[in-house]
Every structure is written in structure tokens, then in C-alpha cells.
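Keep in mind that what you see is a predicted model, and the values were worked out from it rather than measured. The analysis underlying the following values was restricted to heavy atoms, covering all of them including side chains, and did not include hydrogens, waters or symmetry mates.
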Amino acid sequence: MSVVSLLGVNILNNPAKFTDSYVFEITFECLESLEKDLEWKLTYVGSATSDQYDQELDSLLVGPIPVGVNKFIFEADAPKTNRIPDADILGVTVVLLTCSYDGREFVRVGYYVNNEYESDELNADPPAKPIIEKIRRNILADKPRVTRFAIKWDSEASAPAEFPPEQPEADLQADEDEYGAEELDEDADEEEGAEAAAENAGEASAAAATAATDGDAEMAGVEEHGEPAEEEEDVSDEGSVDLENETEDELEEEVEGEAVDGGDDAMEIDEKPSDASKPQEVMAH
């Protein structure tokens with residue numbers, strides 16, 4: 001569990017001119033006393049094609065940190081335009097607000113930033129060389145992307161587990177005794193079922209062979225006695241009539257299926273947390 005939790009970030013000057021400073025009001029909660037300060041940084045992504053144009057606008061240390069809800073103001077200068085390609089000044093980019101403890105980053109907040117001219121005429125036909133003083137920025141403050149990382153704080157107990165915990169009692173019992181017992185039983189049942197099916201198939205084959213032999217003997221007896229063929233034809237015709245009648249009766253039957261009523265489950269919405277207590281002002285240096 002994180003000792004420090006970011007509760008909210010409020011951008012105090014948005015929208016603003018491209019050359020104006022960035023001013024953030026940051027609120028966070030600390031669950032236990034910390035031995036060191038928190039380091040906050042604001043980075044401007046100058047180009048989507050290469051990180052060599054990224055600029056660290058400012059960084060500051062916040063501390064000492066009292067237990068509870070804390071708040072401070074983070075102000076950073078605008079990016080230097082001479083370090084940004086002219087083709088990347090206008091359009092959408094990103095600013096990253098990060099916080100680290102003892103050199104280990106534990107939270108990162110990304111905001112999209114849209115840079116455009118103040119007038120529609122310049123936006124419709126922008127000059128080849130950007131006019132910086134006529135550009136305004138708009139931070140999409142309502143759609144931040146927050147990423148959290150598990151880190152080690154002051155105590156070893158807070159360090160995230162790098163490997164699965166040891167389980168010495170698991171080595172005392174064979175794997176197949178605990179985890180494979182059911183699978184072994186199922187395999188044995190399947191083998192017994194296969195053997196029984198094979199025996200039944202063998203018996204059925206033997207019976208069929210016997211019946212075929214008897215049938216051949218009867219046919220042979222009939223041929224020997226020389227019964228007239230007309231009687232066989234009559235029997236065959238009567239049998240055909242019966243089969244046809246049974247088929248028509250089966251076709252007249254109808255089976256109606258039952259309809260099952262169903263519906264989508266209602267989507268659950270998380271309740272908003274209750275308002276935190278009044279935050280304390282902390283020192284930034």
C-alpha cells in the first residue's frame with residue numbers, strides 16, 4: 001500500500017498564454033511520517049517523435065510531510081521555444097507531473113495540452129514561423145492519465161514483493177498427492193470406461209456375427225424348400241406401406257421451444273468518496 005496518495009490536482013490558470021507559467025494546486029494524503037522529502041517534477045514533451053526535445057520545466061522538494069491531508073502550490077515556467085521544433089509548437093502535446101520519494105517515482109499524471117492561435121484567421125492559415133505571443137494553451141484538465149507505482153518507503157515491510165513468498169510446507173507433500181489426485185482419478189475412470197466399452201463392442205460384434213450366420217442358414221433353408229417368390233413380394237409391399245404411414249405421422253408432430261426472457265445486468269457505479277478533512281499547507285523548497 002502506498003504511504004502517499006494523490007487526492008487531486010487543480011490547474012489554477014487554464015487556459016492561458018503559451019508563455020505563461022504553469023500553476024498547479026496539489027492535494028495529497030500521507031499515512032505515516034516520512035524521513036525524507038517528496039520530489040515533484042513537471043516535464044513538457046516537446047515532440048512526439050523524439051524525447052530529446054523533452055524539457056523539465058521545474059522541480060521542487062516538499063517537506064517535512066505531516067501525517068494527514070496536505071496541500072501546496074507548484075509553479076513552473078513555460079517551455080523554452082528554442083528547444084522545440086517549429087513544426088511541433090502548434091497542436092497537441094503532453095505535460096507530465098511526477099512525484100518521487102528517495103529517487104523512486106510512485107505516481108505520474110499526464111495531461112494533454114492543445115496549443116493554437118487565439119484568432120481563427122491564424123489557425124486557418126498559420127505562418128511558417130510560429131508567432132509565440134499569439135499562441136494560447138488549453139490543458140485538458142478533466143481527462144488526466146494517472147499511473148501509480150509500488151515502491152519501497154522507509155521500512156523494509158513497505159517494499160513490494162519481488163518474488164513469490166516461500167512455502168516450505170508445500171514441499172513436504174508430493175505434487176500429485178495435492179494437485180494431481182483428481183486428475184489421476186479421472187484418468188483411471190476414463191481407462192475403465194474405455195475397457196468396458198471395448199468389451200461391450202466385442203460382445204456386440206460376436207452377437208452380430210452369430211445373427212448373420214443364423215440368417216444365412218435360414219435363407220439357405222428357404223431356397224432349399226423352394227418357396228414361391230410372390231409371397232415375399234407381398235410381405236415386402238405390406239412392410240413398405242407401414243413404414244410410409246409412420247413417417248407421415250412423425251412429420252405431423254411439432255415441437256415448440258420455450259422462450260427464455262433475459263436482460264442485461266444493471267451497471268454498478270462506484271460511489272464517490274466522502275470529502276476529506278481540511279488539508280494542511282506544507283513547505284515547498
Side-chain angles (χ1 to χ4, degrees), residues 1-16 20-45 51 54-79 93-113 137-167 267-285:
M1 183 179 66
S2 180
V3 175
V4 176
S5 299
L6 182 63
L7 300 182
V9 178
N10 185 22
I11 304 175
L12 300 182
N13 59 340
N14 187 52
D20 289 346
S21 300
Y22 290 81
V23 184
F24 295 88
E25 181 185 63
I26 301 173
T27 305
F28 64 93
E29 182 180 15
C30 185
L31 301 180
E32 61 184 51
S33 299
L34 296 177
E35 299 176 358
K36 301 178 181 179
D37 296 339
L38 298 176
E39 183 180 13
W40 296 82
K41 293 181 181 180
L42 185 65
T43 303
Y44 184 89
V45 178
D51 58 0
D54 293 356
Q55 298 183 44
E56 182 179 309
L57 302 183
D58 202 351
S59 65
L60 76 162
L61 297 175
V62 177
I65 307 297
V67 176
V69 179
N70 303 277
K71 181 176 64 175
F72 71 99
I73 302 296
F74 184 12
E75 184 172 355
D77 294 334
T93 186
V94 174
V95 291
L96 299 173
L97 176 65
T98 62
C99 187
S100 304
Y101 181 76
D102 196 17
R104 296 181 288 272
E105 181 181 335
F106 65 90
V107 66
R108 176 184 302 175
V109 185
Y111 292 98
Y112 286 110
V113 182
R137 68 164 186 259
N138 184 17
I139 302 175
L140 302 182
D142 57 340
K143 296 181 179 180
R145 183 177 181 86
V146 182
T147 307
R148 296 177 175 84
F149 308 94
I151 66 168
K152 174 184 174 296
W153 298 86
D154 290 331
S155 62
E156 292 293 337
S158 64
E162 298 181 358
F163 303 98
E166 296 182 358
Q167 299 177 348
M267 182 179 296
E268 297 180 357
I269 301 176
D270 296 336
E271 297 180 356
K272 294 183 179 180
S274 58
D275 296 337
S277 58
K278 185 176 180 181
Q280 310 173 69
E281 299 288 343
V282 290
M283 182 181 299
H285 52 91

Test side-chain hydrogen bond (donor to acceptor under 3.5 Å, both in side chains) applied to E105 - qualifying residues, sequence neighbours left out: R108
Distance (rounded to the nearest 0.5 Å) between E56 CD and T98 OG1: 7.5 Å
Set of side chain to side chain contact (heavy atoms under 4.5 Å, CB included) partners for L12, sequence neighbours left out: N10, V23, E25, I73
Exercise: identify the closest heavy-atom pair between F149 and V107: CD1-N, 4.2 Å
K71: side-chain hydrogen bond (donor to acceptor under 3.5 Å, both in side chains) partners, not counting sequence neighbours: none
Considering all heavy atoms, the nearest S33-V67 contact: N-CG2, 3.5 Å
Shortest non-hydrogen contact between Y22 and A78, atoms and distance: CE1-CA, 4.2 Å
OG on S100 to CZ on F106, rounded to 0.5 Å: 7.5 Å
Beyond-backbone contact of Y111 with V9, side-chain heavy atoms, under 4.5 angstrom: yes
side-chain hydrogen bond (donor to acceptor under 3.5 Å, both in side chains) involving R145 - partner list, sequence neighbours excluded: none
Salt bridge (charged side-chain N to carboxylate O under 4.0 Å, His left out) involving R104 - partner list, sequence neighbours excluded: D102
N14 side, atom CG; F24 side, atom CZ - distance, nearest 0.5 Å: 8.5 Å
V109 side chain near V146 side chain, heavy-atom distance below 4.5 Å: yes
I11 side, atom CD1; L97 side, atom CG - distance, nearest 0.5 Å: 9.0 Å
Residue pair V113, I139: steps toward the side chain to side chain contact (heavy atoms under 4.5 Å, CB included) verdict: CA-CA 4 Å; V113 182; I139 302 175; 4.0 Å; yes
Listing, residues 37-44 side-chain donor-acceptor contacts under 3.5 Å, not counting sequence neighbours, or none:
| from | atom 1 | to | atom 2 | distance (Å) |
| --- | --- | --- | --- | --- |
| D37 | OD2 | H285 | NE2 | 3.2 |
| Y44 | OH | N115 | ND2 | 3.1 |

Partner set under side chain to side chain contact (heavy atoms under 4.5 Å, CB included) for E29, not counting sequence neighbours: L7, L31, V69
Non-neighbouring partners of P66 that pass side chain to side chain contact (heavy atoms under 4.5 Å, CB included), sequence neighbours left out: N70, Q280, V282
Qualifying residues under side-chain hydrogen bond (donor to acceptor under 3.5 Å, both in side chains), relative to R137, sequence neighbours excluded: none
Flag side-chain contact, heavy atom, 4.5 Å: D58 against D77: no
Spacing of I65 atom CD1 and L34 atom CG [to the nearest 0.5 Å]: 6.5 Å
Within-4.5 Å side-chain heavy-atom neighbours: Y112 and V94: yes
Atom pair CD/CG of E75 and D20 - distance to nearest 0.5 Å: 10.0 Å
With Y101 via ring-ring contact (aromatic ring centres under 6.0 Å, His included) - residues at least two apart: W153
Distance-minimising heavy-atom pair for G110 and L96: CA-CD2, 3.8 Å
